[in-house]
Amino acid sequence: MKIVDEKGRLFGKINLVDLIVVLVLVAAVAAVAWKVVGSKIAASMAPEAPVYEYRVLCSQVYPEVSDFAQTCIGDQLLTNDGRLDGEIVDVVSTPHISSSLDNTGDGPVLDAPDLRDLVFTIRCRVKVKEDGVYLVGNQEIRVGKVHLVKSTKLEIANGIILSVESVSGDA
């Protein structure tokens, strides 16, 4: 018995062209299925992202913003791409004191007695890049770095990260 007969059928039963078309269709369906389901399987097998807690100093904040920030404890963090797995844990408000001197050379002087300094404590799952840099959204988390505090109800730019520590035990 020949593998391909004179009519082009495989083993005398299946047309070779039809078989190739069926195999291409099965491969296309398998590729689409892997694209849809495979990423979910890979994500479920990935290790869970570590949780970090960091503190951010936001200086010279208006009193109304400072008062409102106190109501945002527990508020979920945001990025331009959506919500993050993190929240504002605490907000401490203190009077802003500048280091300027008065007319007689004494100081420090309260240049703007109404302005406040806020220290946010934030807890969030971080992404770890290949080079060991931690990311919250698209912002790098490291001491001294400028940071945007953004939640569902609040946004304050130009904060400075004061401390970063692991909460989940990963380092």
Side-chain angles (χ1 to χ4, degrees), residues 32-171:
V32 168
W34 178 254
K35 189 78 168 167
V36 171
V37 178
S39 59
K40 292 178 183 175
I41 292 171
S44 69
M45 295 173 59
E48 195 168 277
V51 177
Y52 273 73
E53 191 168 281
Y54 59 99
R55 293 179 336 142
V56 180
L57 169 66
C58 298
S59 292
Q60 301 183 32
V61 175
Y62 291 107
E64 297 83 5
V65 176
S66 174
D67 293 343
F68 184 77
Q70 300 293 325
T71 69
C72 293
I73 294 173
D75 203 16
Q76 187 174 15
L77 298 180
L78 288 181
T79 182
N80 290 340
D81 298 330
R83 295 175 183 260
L84 296 172
D85 187 7
E87 67 181 355
I88 297 172
V89 176
D90 191 24
V91 181
V92 176
S93 176
T94 57
H96 174 72
I97 300 174
S98 72
S99 59
S100 64
L101 303 175
D102 65 10
N103 303 7
T104 63
D106 295 329
V109 175
L110 291 174
D111 288 337
D114 288 342
L115 294 181
R116 312 287 291 167
D117 290 340
L118 298 176
V119 176
F120 289 90
T121 302
I122 297 171
R123 183 176 294 146
C124 191
R125 286 201 184 280
V126 299
K127 289 186 276 183
V128 182
K129 290 177 30 178
E130 295 87 30
D131 54 3
V133 173
Y134 301 112
L135 295 175
V136 169
N138 57 358
Q139 298 185 86
E140 293 182 1
I141 302 302
R142 60 179 118 176
V143 174
K145 188 96 170 137
V146 174
H147 187 73
L148 169 69
V149 176
K150 185 175 182 180
S151 73
T152 56
K153 297 186 237 170
L154 179 74
E155 183 171 337
I156 300 179
N158 296 328
I160 300 293
I161 297 177
L162 300 176
S163 66
V164 178
E165 64 181 55
S166 174
V167 174
S168 64
D170 301 333

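Sequence positions, counted from 1, serve as the residue numbers for this chain.
Distance CD/Glu53 to OG/Ser166: 10.5 Å, rounded to 0.5 Å. Remark: Leu57 CG to Leu118 CG distance equals 8.5 Å, nearest 0.5 Å. Between the CG atom of Asp114 and the CD atom of Glu64 there is a distance of 8.0 Å, given to the nearest 0.5 Å. In this structure, NZ on Lys150 lies 4.5 Å from CD on Glu155, to the nearest 0.5 angstrom.
When each of Arg123, Lys145, His147 is tested with Tyr54 by the rule side chain to side chain donor-acceptor pair (under 3.5 Å), just one qualifies, namely His147. With Cys58 as the partner, the side chain to side chain contact (heavy atoms under 4.5 Å, CB included) test is satisfied by one option alone out of Ile156, Val119, Val91, Ile160: Ile156.
Side-chain contact between Ile161 and Arg142: absent, with no pair of heavy atoms (C-beta onward) separated by less than 4.5 Å.
Shortest non-hydrogen contact noted between Ser93 and Ser66 is OG-OG, 2.8 Å. Here the shortest heavy-atom pairing between Val167 and Tyr52 reads CG2-C, 4.1 Å. Between Leu78 and Ser151, the shortest heavy-atom distance links the atoms CD1-O, 3.4 Å. The two residues Cys72 and Ile88 come nearest to each other via the heavy atoms O-CB, 3.7 Å. Of all heavy-atom pairs spanning Gly137 and Thr79, the tightest one is CA-OG1, 4.1 Å. The two residues Leu162 and Val143 make their nearest non-hydrogen contact at O-CG1, 3.6 Å.
Phe68 CZ: more than 12 foreign heavy atoms inside a 6.0 Å radius. Sparse packing is recorded around CG of Asn158, with 12 or fewer heavy atoms of other residues, nucleotides or ligands lying under 6.0 Å away.
Listed for the Glu140 side chain is no donor-acceptor partner under 3.5 Å among the backbone atoms of Val133.
Sorted by first and then second residue, the pairs that involve residues 78-95 and meet salt bridge (charged side-chain N to carboxylate O under 4.0 Å, His left out), not counting sequence neighbours, are Asp85-Arg125.
For the residue pair Thr94/Asp117, the side-chain donor-acceptor check at 3.5 Å is not satisfied.
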